[in-house]
Amino acid sequence: MALIELNNINKTYFLGEIDVPVLKGISLSIENGEYVALMGASGSGKSTLMNILGCLDRPTSGDYFLDGEEVGRASGDRRALVRNHKIGFVFQSFNLLPRTTALENVIMPLSYTASDLSRRECKRRGIEMLKQVGLEDRIYHYPSQLSGGQQQRVAIARALINHPPVLFADEPTGNLDSKTSEEVMEMFSQLNAEGITVILVTHSTEIADFAKRSIHIQDGLIVNGSYSEKSSGKAVNS
């Protein structure tokens with residue numbers, strides 16, 4: 001069974017008397033352990049698709065199965081629960097609380113999902129995550145004391161704190177220089193090698209090249225998909 005299964009997903013925004021179709025029948029399967037890049041120009045529908053995949057929004061019609069559960073029509077409370085336990089998010093803007101240390105930022109999701117854990121266990125897990133992303137010497141630093149790349153690493157550690165099976169990264173290098181961008185993307189590759197499914201949203205072909213599979217979206221439709229040499233030995237259109 002695929003980790004993610006989309007069947008004829010449509011999304012239309014109703015703006016007064018005007019209907020604006022954004023997704024127009026997306027069908028897609030993503031297996032456990034894949035590293036997928038969703039590509040497309042601004043307005044193509046890729047961000048809307050990511051919002052639906054991440055249970056941040058609901059499709060107007062169609063079926064969305066995540067880990068065997070139909071979540072496209074689930075209630076807001078149920079989708080929130082799925083997000084908290086099965087999905088990690090990394091965004092372009094980091095979204096760190098400025099007056100909170102790196103450690104406190106990382107363990108914050110545990111207050112919603114792991115009320116049975118002691119404060120000591122939450123701290124231990126947070127330190128472990130920060131060590132995993134190479135920030136063991138920045139545990140008690142505030143975001144203003146960290147570089148952009150370090151802030152993004154904190155955001156990645158926070159996304160991983162609940163050990164989700166899938167990690168979404170929405171333009172994760174948009175605020176980083178080229179060297180730092182490469183370091184962050186190498187980290188995603190390493191996480192994927194450890195078994196985490198990574199879904200990357202980007203308009204950059206250089207960033208998408210880190211993924212093993214690229215899916216191109218245009219005008220709300222999938223227009224092309226390919227596997228990279230990393231996974232198949234040669235590019236194969238699908």
Side-chain angles (χ1 to χ4, degrees), residues 1-11 22-57 59 62-69 71-72 86-92 152 156 159-160 163-174 176 181-238:
M1 178 184 297
L3 176 64
I4 288 173
E5 188 77 41
L6 300 180
N7 297 316
N8 197 29
I9 292 291
N10 293 273
K11 180 65 179 181
V22 179
L23 300 179
K24 306 169 185 176
I26 298 285
S27 294
L28 173 66
S29 292
I30 297 175
E31 301 292 334
N32 250 313
E34 282 203 77
Y35 188 170
V36 178
L38 300 178
M39 299 190 66
S42 178
S44 64
K46 68 181 187 300
S47 292
T48 298
L49 178 58
M50 193 213 72
N51 287 339
I52 290 173
L53 289 170
C55 293
L56 297 169
D57 199 359
D63 302 312
Y64 172 26
F65 291 89
L66 174 61
D67 202 17
E69 177 184 357
V71 295
K86 295 188 177 181
I87 297 171
F89 291 98
V90 179
F91 297 101
Q92 176 178 338
Q152 192 61 293
I156 293 170
L160 296 173
H163 305 299
V166 59
L167 181 65
F168 287 93
D170 188 5
E171 301 284 2
T173 62
L176 305 176
S181 295
E182 185 170 352
E183 291 173 354
V184 168
M185 294 311 300
E186 290 289 355
M187 182 174 297
F188 284 128
S189 296
Q190 179 59 40
L191 291 169
N192 177 247
E194 294 170 1
I196 295 176
T197 302
V198 179
I199 300 176
L200 170 71
V201 177
T202 184
H203 66 276
S204 167
T205 55
E206 291 182 357
I207 295 300
D209 282 346
F210 282 88
K212 298 175 182 176
R213 178 185 176 195
S214 295
I215 297 169
H216 296 259
I217 302 167
Q218 181 178 318
D219 298 328
L221 295 166
I222 293 177
V223 295
N224 184 38
S226 63
Y227 289 86
S228 76
E229 295 180 0
K230 297 178 183 177
S231 59
S232 62
K234 60 180 179 179
V236 180
N237 290 331
S238 62

Distance check, rounded to the nearest 0.5 Å: [X] atom [atom1] versus [Y] atom [atom2]?
X	Y	atom1	atom2	result
I87	C55	CD1	SG	4.0 Å
I52	N10	CD1	CG	9.0 Å
L28	I9	CG	CD1	10.0 Å
I217	H203	CD1	NE2	14.5 Å
M39	I215	CE	CD1	11.5 Å
I26	L221	CD1	CG	6.0 Å

Can you give me the closest heavy-atom contact between [X] and [Y], atom names plus distance?
X	Y	value
F188	Y35	CB-OH, 3.5 Å
I4	Y64	CG2-CE1, 3.9 Å
A211	V36	CB-C, 4.1 Å
Q152	F91	NE2-O, 3.0 Å
A159	V90	CB-CG2, 3.9 Å
A208	S214	O-OG, 4.0 Å

Quiz item: Is the closest side-chain heavy-atom distance between P59 and L23 below 4.5 Å?
Solution: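 P59 vs L23: side chains apart.
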Quiz item: Can you find a heavy atom in the side chain of I30 that is under 4.5 Å from one in the side chain of V166?
Solution: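 No. Closest side-chain heavy atoms not under 4.5 Å.
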Quiz item: For atom CD of E206, is the number of surrounding heavy atoms from other residues, nucleotides or ligands below 6.0 Å larger than 12?
Solution: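 Not more than 12 within 6.0 Å, no.
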Quiz item: Above 12 or not: heavy atoms from other molecules or residues under 6.0 Å from NE2 of H216?
Solution: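 Yes, the 6.0 Å shell around NE2 holds more than 12 heavy atoms from other groups.
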Quiz prompt | Test side-chain contact (heavy atoms from CB on, under 4.5 Å) applied to K11 and N51, step by step | solution = CA-CA 11 Å; K11 180 65 179 181; N51 287 339; over 6 Å; no
Self-check item: Main-chain N/O of N7 paired to S27 side chain as donor or acceptor, under 3.5 Å
Solution: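 Checking the backbone N and O of N7 against the side chain of S27, no donor-acceptor pair under 3.5 Å is found.
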Quiz prompt | Donor + acceptor pair across side chains of Q190, E186 (<3.5 Å) | solution =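 Their side chains do not contain a donor-acceptor pair, so the 3.5 Å distance test is not met.
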Those residues that, when tested against [X], pass side-chain hydrogen bond (donor to acceptor under 3.5 Å, both in side chains) (two or more places apart):
X	result
N192	K212
S29	E5
D63	R73
E183	K179

Quiz item: Could you go step by step and tell me if I207 and E171 meet the side-chain contact (heavy atoms from CB on, under 4.5 Å) rule?
Solution: CA-CA 9 Å; I207 295 300; E171 301 284 2; over 6 Å; no
Practice problem: Run the numbers on T173 and T202 for side-chain contact (heavy atoms from CB on, under 4.5 Å), then give the verdict. | Solution: CA-CA 9 Å; T173 62; T202 184; over 6 Å; no
Practice problem: Could you give me the CA-CA distance, side-chain angles and deciding distance for L53 and L6, then say whether side-chain contact (heavy atoms from CB on, under 4.5 Å) is met? | Solution: CA-CA 9 Å; L53 289 170; L6 300 180; 3.8 Å; yes
Exercise. Taking side chain to side chain contact (heavy atoms under 4.5 Å, CB included) as the test, write out the residues that go with D67, two or more places apart.
Key: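 Per chain and number, D67 pairs via side chain to side chain contact (heavy atoms under 4.5 Å, CB included) with L3, K86.
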Self-check item: Pairs involving residues 23-51, ordered by first then second residue, that meet salt bridge (charged side-chain N to carboxylate O under 4.0 Å, His left out) (sequence neighbours left out)
Solution: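 Residue pairs with at least one partner in residues 23-51: E34-R213.
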